[in-house]
Amino acid sequence: MAGISRPRGTDDLLPEPLARMARVLDAGLEVASGFGYRQVETPIFEATELFVRGVGDSTDVVTREMYTFADRGGRSLTLRPEGTAPVVRAFWESDLRQAPLPVRLSYAGAMFRYDRPGKGRYRQFHQFGVEAIGDSEPELDAEVIAVAWRWLQGLGVEGISLQLNSIGDQECRPAYRQALLDYFEPLASQLPALDRERLRRNPLRVLDSKELAASGLLEGAPRTVDHLCSSCREAFERVRLALTAYGIPFQMNHRLVRGLDYYVRTAFEVWHEQLQGAQNSLFGGGRYDGLSELLGYPPAPGVGFAAGLERVAMLAPTVPAGPPPALAVLSAPPADPGAAIAAADRVRRRGIQVLCDAGGRSLRAKLSWAERAGVRGVLILGESELERRTVTARLLADRTQVELPLRALEEAVPAWLEGAKAVGEGTR
Ligand code: AMP
């Protein structure tokens, strides 16, 4: 077809997959709400500076993946690639900062990254996340993980593993960084160009290099946990104890460093066995105690996670099914179409899903359309029905029909559907 296509790396969310994703998200919001997290929504675009400072100018996201544009006023804006920096900005720009700390917030929405599109990797995708801001207690790190874990458990997602690491803080990271440089510098000639560049800009990032993992050069690399200062070591121990109290198993992953600069101490991802390579994480997160200052605000420690909704929806087996269309209300011309419109409205008020066709086509055409639309039954309003002040109610499965009084439609239709269900069950 020669028509205009959607941009590469984007998807149209069609009714079924969209309804599925919405139910997956609803389940997440409900779990988060049970832990006291309240939903916020931030703008889809922000000042570019927010991400350059907050995410870090040496990260892939900032150097290669942002959708940045100048608006008509000449401001540099960026479609948000992630939700944490915007939520922390919103925390400072609102009354939320007056609330008792930590402030527990959740968010959901579209994120944009100019990445190479593939299975489970898009340029526009959706994340659900939570942030707990204003508290540095390690038990909160475990709580955030528990929100995500309980959500996946509730959706029946199996084959997941929690990957856990501590990447230290401003106090212990410089020495660790140096240890990494000391280890890799003699090997520099064997490193791919991209990793030499990473080593120069942000040495921790070489730890999650796929090329290096394949080469075996990472095997002997120094581990963050062996370089933690005493406060980071104690904090990490408390995170692990709290996870045990939640009954959440974890795997130590010494190469887990996360792509974004603002993380300190706890870093985690949840992997799924069916997701491959770089797309294997369902969600990731960690503690970001330095982020607030990077954005130009007073200090405010925080911890959070972000999950890819497309990936979770893809792997969730027990997403409850949405309701199928239940009824079609059809006018039979030349009867007054207004009577069908009013009847459909009254039935909908009882919470029943109703498709209405009050147009000028023949009843025959409408009936054949209703069959194809997959409704359980039809309500027909023709001239003879209107004269008798009734509607004809027909079940499509066995074509049995009854007349229902128009006056008491709100009660008669649910009772008829209920009776039809009982009969249907009896004959099965
Ligand atoms: P990140 O913000 O990079 O830690 O990503 C958190 C989660 O968002 C990942 O675990 C994925 O589930 C999801 N995600 C990240 N990037 C993409 C993408 N390009 N397409 C789809 N999902 C993504």
Side-chain angles (χ1 to χ4, degrees), residues 6-11 13 17 21 24-25 28 42 46 50-51 54-56 58-67 78-88 106-131 141 144-145 147-149 151-152 155 157 159-165 167 202 204-205 207-208 210 253 255-264 266-288 291 302-316:
R6 61 176 181 262
R8 199 163 126 75
T10 66
D11 223 344
L13 294 172
M21 217 162 85
V24 164
L25 172 59
T42 60
E46 296 270 0
L50 179 74
F51 302 113
V55 180
S58 71
T59 56
D60 289 353
V61 167
V62 168
T63 53
R64 293 188 288 171
E65 298 176 1
M66 293 210 299
Y67 279 91
T78 292
L79 298 182
R80 63 181 178 201
E82 61 99 45
T84 302
V87 169
V88 170
S106 65
Y107 64 88
M111 304 290 159
F112 305 84
R113 293 183 195 173
Y114 190 82
D115 200 351
R116 194 168 43 79
K119 192 171 179 323
R121 192 173 51 209
Y122 311 93
R123 289 181 173 169
Q124 175 179 331
F125 59 99
H126 297 79
Q127 283 187 340
F128 162 61
V130 309
E131 313 290 353
D141 306 23
V144 157
I145 293 171
V147 172
W149 197 261
W151 172 46
L152 295 182
L155 292 169
V157 180
I160 48 176
S161 67
L162 172 62
Q163 307 285 312
L164 190 68
N165 198 12
I167 55 177
N202 184 354
L204 260 68
R205 289 298 317 280
L207 290 181
D208 63 357
K210 284 195 290 298
N253 182 335
R255 297 195 191 143
L256 187 74
V257 288
R258 312 276 304 136
L260 314 179
D261 275 356
Y262 51 62
Y263 288 103
V264 296
T266 316
F268 58 86
E269 288 187 0
V270 164
W271 291 359
H272 190 281
E273 60 193 15
Q274 274 173 33
L275 296 174
Q276 297 296 319
Q279 284 84 256
N280 64 357
S281 91
L282 274 179
F283 66 79
R287 180 159 274 289
Y288 48 81
L291 174 60
V303 59
F305 78 79
L309 278 177
E310 282 84 356
R311 293 187 195 174
V312 175
M314 189 169 81
L315 294 163

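When a ligand or atom number is given, it counts from 1 through the structure's own listing order. Residue numbers count from 1 along this sequence.
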### Message
With a 4.5 Å cut-off on side-chain heavy atoms, are Ser281 and Trp271 touching?
### Response
yes
### Task
Heavy-atom distances under 4.0 Å are what count here, so tell me which part of Glu269 touches ligand 1: side chain, backbone, both or neither.
neither
### Message
Please check: side-chain N/O of Arg123 versus main-chain N/O of Pro7, any donor-acceptor pairing under 3.5 Å?
### Response
no
### Task
Verify, without hydrogens or angle tests, whether Arg311 (side chain) and Gly120 (backbone) share a donor-acceptor contact under 3.5 angstrom.
yes
### Message
I'd like to check Val270 versus Trp149 (side-chain heavy atoms, cut-off strictly below 4.5 Å). Are they in contact?
### Response
yes
### Query
Rounded to the nearest 0.5 Å, how far does CG of Leu164 lie from CD of Glu269?
11.0 Å
#### Entry: Sub-4.0 Å heavy-atom contact, Arg311 with ligand 1
yes
### Query
Between the candidates Met111, Arg113, Arg116, Lys119, which shows the shortest non-hydrogen contact distance to atom 2 (O) of ligand 1?
Arg113
### Message
Is it the case that ligand 1 has an N or O less than 3.5 angstrom from some N or O of Gly308?
### Response
yes
### Task
Evaluate whether atom OH of Tyr67 has more than 12 neighbouring non-hydrogen atoms of other residues, nucleotides or ligands under 6.0 angstrom away.
yes
### Task
With heavy atoms of Gly120 as the reference, note each atom of ligand 1 found under 4.0 Å away.
20 (N), 21 (C), 22 (N)
#### Entry: Short N or O distance, Glu82 and ligand 1, threshold 3.5 Å exclusive
no
### Task
Please confirm whether Glu310 comes within less than 3.5 Å of ligand 1 when only nitrogen or oxygen atoms on both sides are compared.
no
### Message
So Phe305 and Val147, do their side chains get closer than 4.5 Å, heavy atoms only?
### Response
yes
### Task
Please say whether Leu282 places an N or O atom under 3.5 Å from an N or O atom belonging to ligand 1.
yes
### Message
So for atom CZ, which belongs to Arg116, do other residues, nucleotides or ligands contribute more than 12 heavy atoms lying within a distance under 6.0 Å?
### Response
no
### Query
Which of the atoms of ligand 1 are close to Ser281, meaning less than 4.0 Å from one of its heavy atoms?
9 (C), 10 (O), 11 (C), 12 (O)
### Message
Out of Tyr122, Phe112, Phe125, Tyr263, who is nearest to atom 17 (C) of ligand 1 when you count heavy atoms only?
### Response
Phe125
### Task
Give the numbers and elements of all ligand 1 atoms closer than 4.0 Å to a heavy atom of Phe283.
10 (O)
### Message
Can you name the atoms of ligand 1, numbered from 1 with element, that are less than 4.0 Å from a heavy atom of Ala306?
### Response
6 (C), 7 (C)
